[in-house]
Structure formats: structure tokens, C-alpha cells
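In this text the structure is predicted, and so the values were computed from the model without any measurement. Just the heavy atoms: all of them, side chains too, but no hydrogens, waters or symmetry mates, feed the values below.
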Amino acid sequence: QVQLVESGGGLVQAGGSLRLSCAASGRIFSINAMGWYRQAPGKQRELVASISSVGTTNYIDSVKGRFTISRDNAKNTVYLQMNSLEPEDTAVYYCYGNVRRTASTTGGDYWGQGTQVTVSS
């Protein structure tokens with residue numbers, strides 16, 4: 001079974017920074033797309049940022065210029081550098097990966113358990 005484990009969440013003041021990490025473990029041949037979702041209280045879960053296997057990135061408009069997603073394929077890890085944080089960024093952040101487990105299979109979707117990010121004003 002593939003497991004994704006997030007770390008790096010916490011409480012910061014507005015204008016501060018956090019760096020989230022998510023490491024995938026288990027039987028992994030390769031990982032296709034990876035990304036970060038978030039869900040704020042009373043809100044729908046939304047895709048914040050994604051990155052393809054070759055490094056193509058996409059961001060939700062509200063975080064463009066502030067957040068940077070990156071990945072280290074050798075470590076099966078995806079990161080989210082969050083700068084200039086705002087109270088509106090407060091949410092549980094979930095790591096996502098489409099994981100190819102063997103050379104003869106296509107990818108399947110896996111999710112982390114979530115990590116809380118709280119931004120105070």
C-alpha cells in the first residue's frame with residue numbers, strides 16, 4: 001500500500017511562511033501528478049497547486065506569486081512553499097499523488113491524512 005505523509009503545518013502570523021512536505025512510501029514505480037488540496041471550515045475542498053512528473057505547475061489564482069510547489073522525484077516527495085500567508089489560507093492541507101506502483105500498471109490516486117495550517121491576523 002502506498003502512503004503519503006504530510007509535515008510542516010502549524011500556526012504562523014499573517015505575512016509569514018511555511019513549507020509543507022509530503023513523502024510517499026510503499027511500493028512505487030513512479031509518481032505522475034502530485035499536488036496540494038486544502039479545505040477551510042465551511043468550504044469545499046479545492047486544489048491549491050499541482051505539479052506534473054516533469055515539473056509543469058499550476059496554481060489556484062489566489063495563491064499565485066505566493067506559493068511554490070516543487071518535487072524531488074528521487075525522494076518521492078512534494079513540497080509547498082507558502083510565503084506571504086494570509087488568514088484566508090487557513091485550512092487543512094492534503095497531499096495528493098497519482099502513483100504508478102509497477103512498470104506494467106497505470107497510476108492510482110492516493111491522499112495524505114492532512115496537516116493543519118493556521119494563519120493569525
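- Note on Leu85: it clusters hydrophobically with Val48, by side-chain heavy-atom contacts below 4.5 Å among ILVMFWY residues.
- Between the side chain of Arg71 and the main chain of Gly55, no donor-acceptor pair closer than 3.5 Å is present.
- Side-chain atoms of Tyr79 and Cys22, non-hydrogen and from C-beta on, never get closer than 4.5 Å to each other.
- Between the side chain of Thr90 and the main chain of Val119, a donor-acceptor pair closer than 3.5 Å is present.
- Under the 4.5 Å side-chain criterion, counting only non-hydrogen atoms from C-beta, Leu80 is not in contact with Thr68.
- The closest donor-acceptor contact from the side chain of Glu6 to the backbone of Cys95 lies under 3.5 Å.
- Residues Phe67 and Asp89 form a side-chain contact, since some pair of their non-hydrogen atoms from C-beta on lies under 4.5 Å apart.
- The hydrophobic clustering, which links ILVMFWY residues whose side-chain heavy atoms are closer than 4.5 Å, places Ile60 and Tyr94 apart.
- With respect to Val78, the side-chain contact (heavy atoms from CB on, under 4.5 Å) criterion is satisfied by exactly one of Ile51, Asn73, Leu20: Ile51.
- When all heavy atoms are compared, the tightest approach of Tyr96 to Ala33 is CE2-O, 4.0 Å.
- Distance check: Asn32 CG to Ser52 OG gives 9.5 Å after rounding to the nearest 0.5 Å.
- Contact check for Tyr110 versus Asn98: no side-chain heavy atoms found under the 4.5 Å cut-off.
- When all heavy atoms of Ser17 and Asn83 are compared, the pair lying nearest together is OG-OD1, 2.9 Å.
- The CD1 atom of Ile31 sits 11.5 Å away from the CZ atom of Arg101 when rounded to the nearest 0.5 Å.
- Residues Val117 and Val92 fall into different hydrophobic clusters, defined by Ile, Leu, Val, Met, Phe, Trp and Tyr side chains chained together at heavy-atom separations under 4.5 Å.
- Annotation: the span from Ser70 atom OG to Arg19 atom CZ amounts to 5.5 Å, rounded to 0.5 Å.
- To the nearest 0.5 Å, atom CH2 of residue Trp36 and atom CE of residue Met82 are 8.0 Å apart.
- A pairwise comparison of heavy atoms in Ala24 and Leu4 identifies CB-CD1, 3.9 Å as the closest pair.
- Cation-pi geometry between Arg45 and Trp111 is satisfied (NZ or CZ under 6.0 Å from the ring centre, within 45° of the ring normal).
- Ala14 and Ser121 get closest at one heavy-atom pair: CB-CA, 4.4 Å.
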Task: Derivation and outcome, side chain to side chain donor-acceptor pair (under 3.5 Å), residues Arg38 and Tyr93 - done: CA-CA 4 Å; Arg38 69 184 181 189; Tyr93 284 70; 2.9 Å; yes
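- Arg66 places a side-chain N or O within donor-acceptor distance of the main-chain N or O of Ser84, the cut-off being under 3.5 Å.
- Not one N or O on the side chain of Ser104 forms a donor-acceptor pair closer than 3.5 Å with the backbone of Thr102.
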